[in-house]
Amino acid sequence: MGLLLEQLLNGLQLGVMLFLLAAGLTLVFGIMGVINLAHGSLYMVGAFASAWVATKTGSALAALAAGLAAAALTGMAVELLVLRRLYARDHLDQVLATFGLILFFNQGMVLLFGRQPLFVEIPAALRGAVELAPGLPYPAYRLAIIAVGLLVAAGLYLLIQRTRTGMLVRAGATHREMVRALGVDIRLLYTLVFGLGALLAGLAGLMAGPIFSVQVGMGEQILIMTFVVVVIGGIGSVRGALAGAVLVGLVDTLLRAYLPAALRGVMQGPDADALAAGLASMGVYLLMAVVLLLRPRGLFPAHA
Amino acid sequence: MRNRLRSRLPSRDAVALTLLLALAIALPWLAEAAGNPAGIALATRIAIYALAASALNLALGQGGMVSFGHAAFFGLGGYAVGILYAHWSWQEPLLGILPGTVSLPLTLLAAVGLGGLAAAAIGALSLRTSGVQFIMITLAFAQMLFFLFVSLKAYGGDDGLSVRRQGEFPGLSLRDPAQLYWLCLGLLVGWLALLRRVTRSRFGQVLAGARQNERRLRALGLTPYPYKLAGFILSGMGTALAGALMVNQARFVSPDMLHWTKSGELMIMVILGGVGTLLGPVFGAAALVGLESILSAWTENWQIILGPILLLVVLFGRGGLMALLRRVLPA
């Protein structure tokens with residue numbers, strides 16, 4: 001029982017990380033109609049900037065600020081210089097251009113920081129474990145990630161449902177041309193939305209630092225999972241991104257935790273472990289395929 | 001009078017193509033003469049990727065099916081060769097019935113068959129969606145196969161399989177890089193001739209119609225689904241053939257061939273060359289493989305140059321290299 005609860009929390013923690021990435025991706029996708037493969041690069045930029053500042057200054061707050069600022073500024077620069085010219089283009093052109101950006105950012109990080117992974121320490125205040133129930137300790141840092149993720153989700157909900165900017169974002173997702181025709185400065189809105197998405201990606205990246213190692217290529221690994229989340233949730237829907245992220249996080253974590261033992265019942269140890277790892281990795285893609293076949297527009301279509 | 005004269009002369013395109021083909025055939029001797037025998041291996045890789053990219057182009061450019069999962073067929077073709085070799089070397093039939101083999105015609109046939117079967121299964125399900133969902137569901141299937149092969153320890157898992165015995169083709173000695181190159185070139189030319197016929201046939205026209213406007217096609221009384229599925233299967237078969245050739249050239253197969261970045265690379269070759277053109281993917285493959293090879297010989301950080309080049313091609317060179325060619329040499 002305790003183990004199951006721990007795995008559920010691990011799944012939730014992966015889920016909120018995926019949500020932070022997916023929220024930006026789904027907004028950019030839903031509002032601007034851009035497939036941005038380089039979203040994972042912004043996650044990487046946030047992680048590297050924060051890790052570097054953390055080792056130089058030793059201050060967790062400075063690292064936090066640096067990671068967020070680096071990701072948001074990089075994101076807005078990318079939007080202004082490149083993506084702005086691609087809004088009216090084919091998805092194919094967007095894929096090619098953002099793939100080029102991935103190559104550029106990955107190699108840029110190699111030039112700046114080298115190929116060795118950077119290791120990041122957990123901030124002093126969040127080391128140690130919290131006793132959730134008698135005999136059930138859980139790392140404080142992971143709990144903090146879950147809390148931050150849920151807070152961001154609540155904040156996004158308020159921003160999108162309760163503010164004028166959010167109204168424009170929703171309107172833009174439903175009918176871009178009409179919003180422009182009503183005299184809204186849609187270019188500024190686009191840059192802001194993209195910057196917000198980049199900021200959230202950077203937040204995910206800097207929080208991931210102490211859990212995964214910070215290295216070149218970290219963005220692409222999680223990017224594909226993020227796409228799975230966005231498609232399962234319904235493109236353009238932030239609510240769908242949250243549901244999809246938690247679902248994907250839970251499915252992935254639970255399969256990884258329980259499949260090896262289940263397979264060891266019918267197969268040899270090492271073979272069972274290898275097969276279980278493979279099947280567990282396939283799980284989320286299988287989930288996505290099933291969702292798409294049953295509900296082609298995702299679980300929460302943004303505009304029906 | 002002038003018109004009649006012109007129609008008797010071969011068109012400029014035909015002359016250019018003949019020259020290009022002659023150059024491609026003579027390439028091994030030229031590379032030898034230039035003291036650069038490694039150039040033959042590079043040209044072989046270009047021919048193989050050109051085959052894969054033009055196969056993807058049939059789905060993507062002709063049928064408008066933006067598949068982000070063609071690495072699946074590329075890798076399956078490669079694994080068909082690798083697995084048949086492995087069972088041949090272990091002297092142990094596959095699943096207890098199929099004997100392994102190193103005969104190239106047989107392994108290529110197996111690869112194409114496997115690619116076709118996989119494309120039929122993946123296509124039948126994926127084509128129920130369209131647009132971005134189609135892009136993502138093809139990616140999902142390719143990722144499933146990627147992780148399946150990573151977890152198959154019997155065939156090397158993550159590390160892949162070395163193929164220590166060159167495929168045997170009657171009348172050819174494929175240990176000679178030049179002969180392997182000519183084989184790949186011949187298959188590429190044959191595949192392009194097939195594609196040309198297919199795209200000009202009624203089937204190809206329906207496929208193009210499905211890309212442009214499915215509703216109008218339906219109004220004409222045609223159901224797009226079976227045409228698109230057939231196009232997708234043919235495309236998967238061609239990609240699997242390229243994968244099988246790649247394993248013969250590299251003598252190695254690993255899950256890397258199924259990785260999503262490989263799907264991306266194939267897509268980039270198509271876009272770089274020119275979507276929906278017959279020769280575009282060939283030029284795209286030559287440009288990408290060639291650039292990679294030149295830049296990586298020049299600097300270790302070649303990706304930081306290649307990335308912006310791709311970006312510039314998208315921003316300023318719409319329609320890819322073929323469009324550029326047409327602009328420089330108007331008909």
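Chain A is the first sequence line, chain B the second, and so forth, proteins listed ahead of strands; every chain is numbered from 1. Computed from heavy atoms alone, side chains included, the values below leave out hydrogens, waters and symmetry copies.
The contact list for residues 59-67 of chain B toward chain A, using heavy atoms and a distance under 4.5 Å, reads B:L60, B:V66 by residue number. Contact annotation for residues 78-95 of chain A against chain B (heavy-atom separation below 4.5 Å, listed by residue number): A:V82, A:R85, A:L86, A:R89, A:H91, A:L92, A:D93, A:V95. Interface with chain B: from residues 278-293 of chain A, residues A:G278, A:S281, A:M282, A:Y285, A:L286, A:M288, A:A289, A:L292, A:L293 qualify, criterion being any non-hydrogen pair under 4.5 Å.
A:L96 CG to B:L310 CG: the interatomic distance, rounded to the nearest 0.5 Å, is 5.0 Å. Once rounded to the nearest 0.5 Å, the distance linking CG of B:L139 with CZ of A:F227 reads 8.5 Å. Between atom CG of residue A:L223 and atom CH2 of residue B:W260 there is a gap of 5.5 Å, rounded to the nearest 0.5 Å. For the atom pair CE of B:M267 and CZ of A:F99, the computed distance is 10.0 Å after rounding to the nearest 0.5 Å. Rounding to the nearest 0.5 Å gives a distance of 7.0 Å between CD1 of A:I235 and CE of B:M136.
Residue B:V270 does not touch chain A at all, counting heavy-atom pairs closer than 4.5 Å. Proximity to chain A is absent for every atom of B:F149, based on heavy atoms less than 4.5 angstrom apart. Proximity to chain B is absent for every atom of A:F105, based on heavy atoms less than 4.5 angstrom apart. Contacts between B:L145 and chain A at a heavy-atom distance below 4.5 Å are absent for every atom of the residue.
For B:F74, the ring pair (Phe, Tyr, Trp, His ring centres under 6.0 Å) partners at least two apart in sequence or on another chain are B:Y49.
Among all heavy-atom pairs drawn from A:R297 and B:Q133, the shortest one is CA-NE2, 4.0 Å.
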Exercise. Check the pair A:E220 / B:T261 against side-chain contact (heavy atoms from CB on, under 4.5 Å), numbers first and verdict last.
Key: CA-CA 9 Å; A:E220 284 81 78; B:T261 48; 5.7 Å; no
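Put simply, of B:I305, B:T129, B:I271, B:V150, the one with the most heavy-atom pairs under 4.5 Å next to chain A is B:I271.
Using a 4.5 Å cut-off on side-chain heavy atoms (C-beta onward), B:W302 and A:Q107 make no contact. Side-chain contact between B:L311 and A:F104 is absent, with no heavy atoms from C-beta onward closer than 4.5 Å.
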